[in-house]
Structure formats: C-alpha cells, structure tokens
Amino acid sequence: MNAARIDSIIEYVTEGIYRDYPALLKRFGERGREKCREDNEHHIRHLQTSLKLGDRQFFIDYAHWLNGILTSRGMETSHLIDNFERLQEAFCQVDPTTEDAPAALTYNEILDYAIASLKEIEIKA
C-alpha cells in the first residue's frame, strides 16, 4: 500500500476514535491523538510484516503483547479491539479494482484472527 493510502487510513481511524470518544481528547489532549496515529502506523507495519512473512500469528502475537502493555496502563482490551475493527472498516473502503485490494483483504483476515484472539482474553479476564 502506498504512503498516501496508509496516511488516509490512519487519519480515518484516528478521527473516528476521537469523534466517538471525545473524552479521550480531554484526557490525553493533542498528544494523545498523535500517539493514536503513531500506534496505527505500528499496527499497519505489523500487518505488512505479517503479510510478507505469510504468518498471521506474527500479528496475533503483536496484538497480545500490545494488549498487555495497554491494559497495564489502564486501557481495556475492548479499546484495542475497537481500533482493529476501525482498521478493518477502513480497509473495506479500499477500491477493489486497485492494486491495494489484495493486501487490504489479507489485512482484514489477519485482523479477524487477532480480534477473535483478543476477545478470548476478554472472556477469560
């Protein structure tokens, strides 16, 4: 995926999170919004690596690691799941006739597995 499309996806996800959770802006300010963008860059880079390796477990392991960090800082697993679902929504908007479409489909499949795995963690908690 080209940098412009990735930036567009990150912006879409970040704006959606801050639109739907306005308390985040009060709690974390603009620095929090920037951190959200950075986090989504990391998510996408890990998705890209997972695709290159042909190994969805790579991303699932990343999701579990990140969830551990976030929950230790007061976030909830549901926040990460919500972020991943927003990424899926953004990837679904990729024009199926473009060269980015196959990657977007694969990213959504990888995210499906990661989300399911995180939901198992939620159930056990």
Side-chain angles (χ1 to χ4, degrees):
M1 245 176 233
N2 69 42
R5 181 164 327 269
I6 290 170
D7 287 344
S8 172
I9 288 169
I10 290 169
E11 188 64 23
Y12 174 85
V13 171
T14 302
E15 290 308 311
I17 289 170
Y18 275 81
R19 179 192 63 239
D20 294 345
Y21 300 100
L24 290 175
L25 189 56
K26 288 182 180 180
R27 183 174 175 194
F28 300 110
E30 270 308 311
R31 177 67 186 125
R33 188 188 303 260
E34 185 56 37
K35 184 68 176 136
C36 184
R37 285 186 186 101
E38 291 172 12
D39 288 348
N40 278 284
E41 287 175 21
H42 291 297
H43 302 338
I44 292 173
R45 276 199 297 267
H46 279 80
L47 284 166
Q48 290 170 326
T49 301
S50 188
L51 175 63
K52 285 179 188 173
L53 294 173
D55 180 11
R56 69 175 174 243
Q57 190 62 45
F58 177 83
F59 188 83
I60 294 167
D61 292 344
Y62 161 75
H64 283 239
W65 169 81
L66 180 59
N67 187 59
I69 290 173
L70 294 175
T71 56
S72 74
R73 296 180 180 166
M75 300 290 283
E76 297 177 16
T77 301
S78 62
H79 295 132
L80 184 56
I81 291 170
D82 178 73
N83 194 140
F84 287 173
E85 289 172 340
R86 289 172 191 273
L87 279 169
Q88 286 185 305
E89 186 178 312
F91 289 132
C92 283
Q93 294 177 18
V94 171
D95 184 340
T97 64
T98 66
E99 63 184 19
D100 292 334
L105 286 172
T106 302
Y107 294 159
N108 274 342
E109 290 172 10
I110 294 167
L111 285 163
D112 278 338
Y113 284 101
I115 290 166
S117 185
L118 289 170
K119 285 182 177 181
E120 287 180 26
I121 290 172
E122 268 191 320
I123 291 169
K124 292 177 184 175

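Position 1 is the first residue of the sequence; numbering continues from there. Just so it is clear, the values below take in all heavy atoms, side chains as well, and ignore hydrogens, waters and symmetry mates.
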Which heavy atom in Arg86 sits nearest to a heavy atom in Tyr12, and how many Å separate them?
-> O-CE2, 4.2 Å
Before giving the answer on side chain to side chain contact (heavy atoms under 4.5 Å, CB included), spell out for Ile115 and Glu85 the whole-Å C-alpha distance, their side-chain angles and the decisive distance to 0.1 Å.
-> CA-CA 8 Å; Ile115 290 166; Glu85 289 172 340; 3.7 Å; yes
Look at Arg37 together with Glu34 and state whether they make a salt bridge at an N to O cut-off of under 4.0 Å.
-> yes
Mind running side chain to side chain contact (heavy atoms under 4.5 Å, CB included) on Ile44 and Leu87 for me, showing each step along the way?
-> CA-CA 9 Å; Ile44 292 173; Leu87 279 169; 4.2 Å; yes
Under 3.5 Å, is there a donor-acceptor pair between the side chain of Asn40 and the main chain of Cys36?
-> yes
Non-hydrogen side-chain atoms of Met1 and Phe91 separated by less than 4.5 Å | yes
Report the C-alpha distance between Phe59 and Leu111 in whole Å, list the side-chain angles of each, state the deciding distance to 0.1 Å, and finish with yes or no for side chain to side chain contact (heavy atoms under 4.5 Å, CB included).
-> CA-CA 8 Å; Phe59 188 83; Leu111 285 163; 3.7 Å; yes
Could you go step by step and tell me if Met75 and Leu66 meet the side chain to side chain contact (heavy atoms under 4.5 Å, CB included) rule?
-> CA-CA 11 Å; Met75 300 290 283; Leu66 180 59; over 6 Å; no
Do you see a donor-acceptor pair shorter than 3.5 Å between the side chains of Asp95 and Thr97?
-> yes
Quick one: does Asn83's side chain get under 4.5 Å of His43's, heavy atoms only?
-> yes
Where do Ala63 and Leu80 come nearest, in terms of heavy atoms and distance?
-> O-CD2, 3.7 Å
Approximate separation, where rounding is to 0.5 Å, of Asn108 CG and Glu89 CD | 10.5 Å
Search all heavy atoms of Leu51 against all heavy atoms of Ile110 and return the closest pair with its distance.
-> N-CD1, 4.3 Å
So do the side chains of Asp112 and Gln88 get within less than 4.5 Å of each other, counting heavy atoms only?
-> yes
Do you know the tightest heavy-atom contact between Asp82 and Tyr21?
-> OD2-CE1, 3.7 Å
Indicate yes or no: at least one non-hydrogen side-chain atom of Lys119 is less than 4.5 angstrom from one of Ile81.
-> yes
His46 and Phe58 aromatic ring geometry - parallel, tilted or perpendicular at 30°/60° bounds | parallel
Stepwise, does the salt bridge (charged side-chain N to carboxylate O under 4.0 Å, His left out) test hold for Arg31 with Glu38?
-> CA-CA 10 Å; Arg31 177 67 186 125; Glu38 291 172 12; 3.6 Å; yes
Val13-Leu25 co-clustered via ILVMFWY side chain contacts under 4.5 Å | yes
OG1/Thr77 to CD1/Ile123 distance, rounded to the nearest 0.5 angstrom?
-> 11.0 Å
Is the number of heavy atoms from other residues, nucleotides or ligands under 6.0 Å of Gln93 CD greater than 12?
-> yes
Should Phe28 and Leu70 be regarded as members of a common hydrophobic cluster, given that ILVMFWY residues are connected when their side-chain heavy atoms come within less than 4.5 Å of each other, either directly or indirectly?
-> yes
Between CD1 of Ile10 and CZ of Arg5, what distance do you get to the nearest 0.5 Å?
-> 13.0 Å
Please round to the nearest 0.5 Å and tell me the distance separating atom NE2 of His64 and atom CD of Glu120.
-> 7.5 Å
Once you round to the nearest 0.5 Å, how far does CZ of Arg33 lie from OG1 of Thr14?
-> 8.0 Å
Nearest-0.5 Å distance, CD1 of residue Ile17 to NE2 of residue His79 | 9.5 Å
Output yes when a side-chain donor or acceptor of Thr71 lies under 3.5 Å from a complementary backbone atom of Glu76, and no otherwise.
-> no
State whether the number of non-hydrogen atoms from other residues, nucleotides or ligands found under 6.0 Å of Tyr113 atom OH is greater than 12.
-> no
